[in-house]
Protein chains: 2
Amino acid sequence: MFPHSVNPNVSVDCVIFSFNNHELEVLLIERSAGNTDKVDEVKALPGNLIYEDETLNTAAGRVLTELTGLDNIYLEQVFTFGDPDRISKQHDQDWLRSIRAHPEARVITVAYTSLINKERHNLSPSSFARNAVWIKVKDVPQLGFDHNEILEKALSHLKQKIYIEPLGYELLPDRFTLAQLQKLYEAILDDNFDKRNFRRKILRSSFIIPLNEKQQGVAHKPAGLYRFDKSQFHRI
Amino acid sequence: MFPHSVNPNVSVDCVIFSFNNHELEVLLIERSAGNTDKVDEVKALPGNLIYEDETLNTAAGRVLTELTGLDNIYLEQVFTFGDPDRISKQHDQDWLRSIRAHPEARVITVAYTSLINKERHNLSPSSFARNAVWIKVKDVPQLGFDHNEILEKALSHLKQKIYIEPLGYELLPDRFTLAQLQKLYEAILDDNFDKRNFRRKILRSSFIIPLNEKQQGVAHKPAGLYRFDKSQFHRI
DNA sequence: AAACTTAGTGTAATTATTACACAAACCCAA
DNA sequence: TTGGGTTTGTGTAATAATTACACTAAGTTT
């Protein structure tokens, strides 16, 4: 491996969502300061400066892997944040000084997002990520830099997208019930739907295929199981 | 005025659309090389490096003004392009060498877009824009850098947006006919609609207010005039 | 066997979408 | 002044989508 040269002015940040059958969660890291074992109590989105010789998309994937261990995740660009003061809060600067060659350099960041099923991926934080944790979107505290704003933008991007693409095939188990799917839509859109209308509409869409199986071992009438038919749509 | 320091790694590009009552047009500049009066025959979107102390949005407005004279245009971010090779074509490099301190530096560009009525704005190209011209979107030639790709992305952004926001209040005259409005929608969406259905739908929307006036001096039945009611919606 | 819990279903009213054709209003030219 | 040219403006029927709404069925637990 040759060493890569770093672009001091451009970073990527990743907003990775998951679903715990109830609520949306987002992946955050706990920053550790330099070589010390001191954990910075402020959480942040996984992100870092790009290399000079990689695309933004590649950078997002690499940085996500380096910080959290998540590998081979499909990432989609959301928005770019470039306020000149976005990294200049004192606390953020203190932290940057411990890890960056030019902590004072202006950094524009390109946000990427993805949806994953956290059961299918293991986290193994490293680099300056002392820890990587799933936090309920509704419980997200004040984050470093402008990361709350980035999260908000990724969320509204997600809300828009769910009308276009049948999201969720990544967020749910392979076989799922329509109640689970409905809860997912409700979590993303922060709304509630009528069960009958939701079912009618979603089954009309041909992405969701009924299986001849039922839930087992639940203390009530078992629900039928469904799966996504990925062949019915294509990423652009 | 103090001199501004330039960020060598980040630029903005502006995709400005207008409408000639028939087709969509986009604003391009003809690049002039350095101090020479030689016109680079390749056209490009108006764009340039950002200053260290301005936001991306501010940079987009400033650059647009500097290159084309368009002032005070509402600009909206579209997408960010960061391919490591996006400015390395020989011809683009030749031109960059004539105007940039570090022509070889990697540049990530943030694209912005707007819709304007070209009748209401004057072009006065300056800086390295030898000329600024409106080109029909369907006639756009091969542009410098990755600007064809950027234009495509801005166009699809526009198509998406027209479903959400009642665009067009900027693109049409203050008073317009429903046929003009329909042609605008058809130009943007590259589609054709049934006149009766279009009218019914658009009039249902409450943004479009009938006036008690008719076209004058046309050699056929004069059409009724309408205006937009801007109070009926708000930019986010 | 009764209580508990969630699944699964139908209908009527309203609204939106699609497809389709002809008379009315104005100008112009003969 | 009349007829031709051109674009405007309008209605309806068929189909599809949306909304609102409540009870029985199928399991488990006690």
Side-chain angles (χ1 to χ4, degrees), chain A residues 19-23 159 162-166 168 172-228 232, chain B residues 19-23 159 162-166 168 172-228 232:
Chain A
F19 183 61
N20 64 11
N21 265 307
H22 251 324
E23 290 160 290
K159 287 184 194 182
I162 204 173
Y163 285 114
I164 301 169
E165 256 191 61
L172 292 177
D174 289 327
R175 303 174 313 149
F176 53 88
T177 71
L178 294 184
Q180 285 177 292
L181 185 65
Q182 181 171 348
K183 273 197 197 122
L184 172 61
Y185 272 77
E186 290 177 339
I188 291 176
L189 294 170
D190 199 13
D191 201 350
N192 293 294
F193 306 114
D194 178 84
K195 182 167 49 157
R196 278 173 288 197
N197 295 341
F198 179 80
R199 286 168 165 252
R200 199 189 350 259
K201 185 162 176 179
I202 210 80
L203 289 176
R204 211 192 294 140
S205 77
S206 86
F207 303 124
I208 283 149
I209 314 292
L211 299 169
N212 284 325
E213 298 177 68
K214 284 185 193 305
Q215 277 181 314
Q216 305 247 324
V218 285
H220 54 75
K221 176 171 175 176
L225 294 171
Y226 293 76
R227 65 178 177 83
F228 281 99
Q232 293 296 310
Chain B
F19 183 61
N20 64 8
N21 264 309
H22 248 330
E23 289 160 291
K159 288 183 194 181
I162 204 172
Y163 285 113
I164 301 169
E165 257 191 60
L172 292 176
D174 289 328
R175 303 173 315 148
F176 54 88
T177 71
L178 293 186
Q180 285 177 291
L181 185 65
Q182 181 172 348
K183 273 197 198 120
L184 171 61
Y185 272 76
E186 290 177 340
I188 291 176
L189 294 172
D190 197 16
D191 202 349
N192 292 295
F193 307 113
D194 177 84
K195 181 165 52 156
R196 278 174 288 197
N197 296 340
F198 180 81
R199 286 168 164 253
R200 198 189 352 255
K201 184 161 175 176
I202 209 79
L203 290 175
R204 212 192 294 140
S205 78
S206 88
F207 303 126
I208 281 148
I209 314 291
L211 300 167
N212 285 325
E213 298 177 68
K214 284 185 194 303
Q215 276 182 315
Q216 306 246 327
V218 285
H220 54 75
K221 176 171 175 178
L225 294 170
Y226 293 77
R227 65 177 177 83
F228 282 99
Q232 293 296 310

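Each chain gets a letter, A, B and so on, in the order the sequences are listed, and its residues count up from 1.
- When the P atom of D/dT8 is taken as reference, atom CZ of B/Phe176 falls 14 Å away, rounded to whole Å.
- Here the side chain of A/Gln215 pairs a donor or acceptor atom with the backbone of A/Ala223 at under 3.5 angstrom.
- The structure places CG of B/Leu184 at 5.5 Å from CD1 of B/Ile162, a figure rounded to the nearest 0.5 Å.
- By the 30° and 60° cut-offs, the orientation of the rings of A/Phe198 relative to A/Phe193 is parallel.
- A pairwise comparison of heavy atoms in A/Asn192 and A/Glu186 identifies CA-OE2, 3.5 Å as the closest pair.
- B/Arg196 has no side-chain polar atom (N or O) that falls below the 4.0 Å cut-off from OP1 or OP2 of D/dG11.
- Across B/His22 and B/Ala187, no two heavy atoms sit closer than the pair O-CB, 4.0 Å.
- Atom pair A/Leu181:CG and C/dG8:P shows a separation of 13 Å (rounding to whole Å applied).
- The distance from atom CD of B/Gln182 to atom P of D/dG9 is 12 Å, rounded to the nearest whole Å.
- Straight-line distance from the NZ atom of A/Lys195 to the P atom of D/dC23: 14 Å, rounded to whole Å.
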Taking only N/O atoms, report every protein-nucleotides 25-30 of chain D pair under 3.5 Å with atom names and distance.
| residue | atom | partner | partner atom | Å |
| --- | --- | --- | --- | --- |
| D/dA26 | N3 | A/Lys221 | N | 3.1 |
| D/dG27 | N2 | A/Ala219 | O | 3.2 |

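- As judged by a 4.0 angstrom heavy-atom cut-off over every strand, A/Lys201 is placed among residues touching the sugar-phosphate backbone only.
- Of the candidate nucleotides D/dT8, C/dA19, D/dA20, C/dA19 has the atom nearest to the side chain of B/Arg200.
- Nearest heavy atom pair, residue A/Leu211 against residue A/Arg175, reads CD1-CG, 3.6 Å.
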